Amino acid sequence: MQTITILGSTGSIGTQALEVASKHNIRVKALAANSNVQLLSEQVIETGAEYACIFDESRLSQLESSLSGRNVQILTGMEGLKTIARLDGVDKMLNSVVGMVGLEPTLESIEAGTDIALANKETLVAGGELVMKRAAEKGVRIYPVDSEHSAIFQCLQGNKSSQMTKILLTASGGPFFKKTKADLKDVSVEQALSHPNWSMGNKITIDSATLMNKGLEFIEAMRLFDVSPEQIEIIVHRQSVVHSAVQYADFSVIAQMGVPDMKIPIQYALLYPERIECPTKELSLTDYGTLTFEKPDLETFDCLSACIKAAKAGGILPASVNAANEVAVRAFLDGKIKFLQIGELVTDVLNNTENRPCDSLKTVLDADLAAREYTRSKIENN
Ligand code: MN3
């Protein structure tokens with residue numbers, strides 16, 4: 001029997017992971033959530049978790065009272081996440097928190113020698129070089145949860161990754177596929193939040209609408225699979241059935257397919273290398289009939305081109321564009337800026353940050369903070 005911990009247990013990935021865990025009798029030792037005390041408490045009681053962490057410290061007493069009388073260790077803040085990340089007797093930590101917050105717990109888990117199921121892409125975007133280097137040194141395995149990266153990982157099984165020559169990274173294209181900048185001028189939050197194929201949290205859904213998500217995934221793929229930007233081709237595939245593919249030196253291309261349901265990659269990351277029944281639906285290719293593949297529109301979607309440029313430049317720029325985007329998406333959701341300004345703000349940070357090598361956690365955190373401050377001041381003077 002496996003034992004796991006989950007950071008981000010009340011989010012979309014976290015709740016689906018708990019469904020998978022319950023189906024396969026995976027023991028859950030600790031759970032952490034950002035602010036949803038109600039659901040976190042229910043999850044802790046249901047799973048019998050020994051540790052519960054609420055990231056938002058202002059809700060600590062609420063969590064304490066809802067779990068009072070139970071034998072549960074209550075934690076809070078970044079220290080709480082890090083405490084969970086270094087717990088003994090854990091086979092895997094699922095990191096599915098949103099944003100840069102995920103980086104330090106990932107590094108903590110690596111230091112503790114605990115394998116990671118990674119759904120927090122910002123970890124690899126901002127601190128990817130550090131994370132992968134340290135994981136290799138400590139012999140810690142990182143199992144991708146992101147559907148595209150899980151697909152690539154699955155396509156690599158039984159083959160030599162040194163013979164992989166290219167990654168075909170698929171993208172749904174989001175709700176604004178084929179739109180021009182003129183069409184997107186007055187997009188509302190509601191329009192941006194309605195994704196055609198995937199049901200996800202707000203941050204990632206906006207990232208999917210701007211194609212920032214694909215830009216982050218581009219960088220994530222470079223780090224996870226140690227390939228150059230030139231070895232990744234982004235392909236818009238509207239049906240989200242092919243979750244990505246890899247090409248080998250003999251020009252054979254292997255793809256992974258399935259219904260668009262995160263439970264498949266979550267389960268693969270948690271139970272690797274087992275392939276047992278998953279609580280999802282069977283893929284019926286004849287129901288789809290046609291699968292389409294097109295080039296992405298780099299002219300309209302500034303976030304994607306900014307990420308590719310940051311990926312090629314390396315250093316701190318991936319962390320900078322990620323930070324600018326986190327601030328810009330928050331401001332868009334709060335009605336402070338327009339949809340297209342997200343891409344403008346991300347590009348602005350890219351063009352106005354002096355690059356330097358990404359050699360320590362402090363360098364990454366400093367770059368992150370500087371880009372956040374820069375972007376906030378741009379929004380205030382808007
Ligand atoms: Mn994805």
Side-chain angles (χ1 to χ4, degrees), residues 8 11-17 20 94-100 102 106 116-126 128 142-156 167-177 192-225 227 232-246 255-270 278 280 283 291 293 296 301 303-304 307-308 311 318 321-322 325-326 329:
S12 170
I13 298 289
T15 52
Q16 295 182 80
V20 169
L94 169 61
N95 185 349
S96 57
V97 304
V98 178
M100 255 298 276
T106 295
I116 301 166
L118 190 65
N120 174 251
K121 62 190 75 177
E122 293 87 350
T123 289
L124 283 177
V125 170
I142 295 180
Y143 298 92
V145 171
D146 207 343
S147 62
E148 295 79 359
H149 306 79
S150 172
I152 296 161
F153 180 63
Q154 293 182 54
C155 295
L156 285 166
I167 287 173
L168 309 178
L169 184 71
T170 53
S172 73
F176 303 136
F177 181 61
L193 281 177
S194 65
H195 194 276
N197 303 339
W198 296 97
S199 148
M200 309 171 286
N202 282 356
K203 160 76 169 43
I204 187 172
T205 305
I206 299 300
D207 287 349
S208 297
T210 61
L211 298 200
M212 182 75 190
N213 184 53
K214 209 48 56 180
L216 297 176
E217 290 182 351
F218 185 99
I219 303 170
E220 188 186 4
M222 281 173 62
R223 300 294 176 245
L224 272 172
F225 305 108
V227 296
I232 305 175
E233 181 182 357
I234 296 172
I235 296 169
V236 177
H237 165 49
R238 294 295 282 160
Q239 298 78 24
S240 298
V241 166
V242 175
H243 298 303
S244 280
V246 306
Q256 186 264 338
M257 296 192 278
V259 292
D261 183 335
M262 287 306 294
K263 286 194 284 293
I264 298 173
I266 291 168
Q267 177 170 310
Y268 194 68
L270 293 181
C278 181
T280 186
L283 170 66
L291 299 180
F293 303 95
F301 297 95
C303 286
L304 180 56
C307 283
I308 294 172
V321 294
N322 174 66
N325 179 63
E326 284 191 28
V329 169

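In listed order, ligands and their atoms are each counted from 1. Here the structure is a predicted model, which means the values were calculated and not measured.
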Notebook entry, point to check: Could you give the distance from CD1 (Ile308) to CD1 (Ile232), rounded to the nearest 0.5 Å?
Noted result: 9.0 Å

Margin query: Rounded to the nearest 0.5 Å, what separates atom CG in Asn213 from atom CZ in Phe301?
Written below: 12.5 Å

Check: Should the pair Glu122-Lys203 be classified as a salt bridge under the 4.0 Å nitrogen-to-oxygen rule?
Finding: yes

Next item on the list: Name whichever N, O or S atom of Glu148 ends up nearest to the Mn ion (ligand 1).
Entry: OE1

Next item on the list: Check the angle between the aromatic planes of Phe153 and Tyr143 and answer parallel, tilted or perpendicular using the 30° and 60° thresholds.
Entry: perpendicular

Next item on the list: Could you tell me which N, O or S atom of Asp146 is nearest to the Mn ion (ligand 1)?
Entry: OD1

Check: Restricting to N, O or S atoms of Glu217, which is nearest to the Mn ion (ligand 1)?
Finding: OE2

